[in-house]
Amino acid sequence: MLKFLFSIFIAWLLYKLVFDLLIPGYKMTKQVRRQMSDMQDHMRQQYESQQGAQPGNPKQPSSPPEPKKVDKGDYLDFEEIK
């Protein structure tokens with residue numbers, strides 16, 4: 001009889017361990033990971049929208065500025081003599 005009661009007690013402890021600790025812990029971990037993923041996606045979208053609003057965004061295709069042609073005439077580079 002004592003062995004039977006001990007077995008029931010061990011089964012009850014295992015039941016409590018599984019349903020009061022392991023399953024809620026698994027669900028909480030899953031929820032936290034999903035919230036972190038959602039937060040990272042939100043922050044990435046916010047960063048990309050801020051980068052898109054700034055001028056000279058490297059992600060947007062832009063034509064390179066054309067160099068201005070300046071007629072220098074007969075310009076000679078010189079060094080100063082002391």
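The structure presented is a predicted model; accordingly, all values stated were derived computationally and were not measured.
With a 4.5 Å cut-off on side-chain heavy atoms, Gln51 and Tyr47 count as touching.
For the salt bridge (Lys or Arg N to Asp or Glu O under 4.0 Å) condition, no pair includes a residue of residues 31-40, sequence neighbours left out.
Here Lys3 pairs with nothing under the salt bridge (charged side-chain N to carboxylate O under 4.0 Å, His left out) rule; sequence neighbours left out.
Separating the CG atom in Leu17 from the CD1 atom in Ile10 is a distance of 11.5 Å, to the nearest 0.5 Å. Note: Gln46 CD to His42 NE2 = 5.0 Å, rounded to the nearest 0.5 Å.
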Show me, pair by pair, the donor-acceptor contacts under 3.5 angstrom made by side chains of residues 23-30, not counting sequence neighbours?
| unit_1 | atom_1 | unit_2 | atom_2 | d |
| --- | --- | --- | --- | --- |
| Thr29 | OG1 | Gly25 | O | 2.8 |

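Hydrophobic cluster membership differs between Phe9 and Leu5, with clusters built from Ile, Leu, Val, Met, Phe, Trp and Tyr side chains linked at under 4.5 angstrom.
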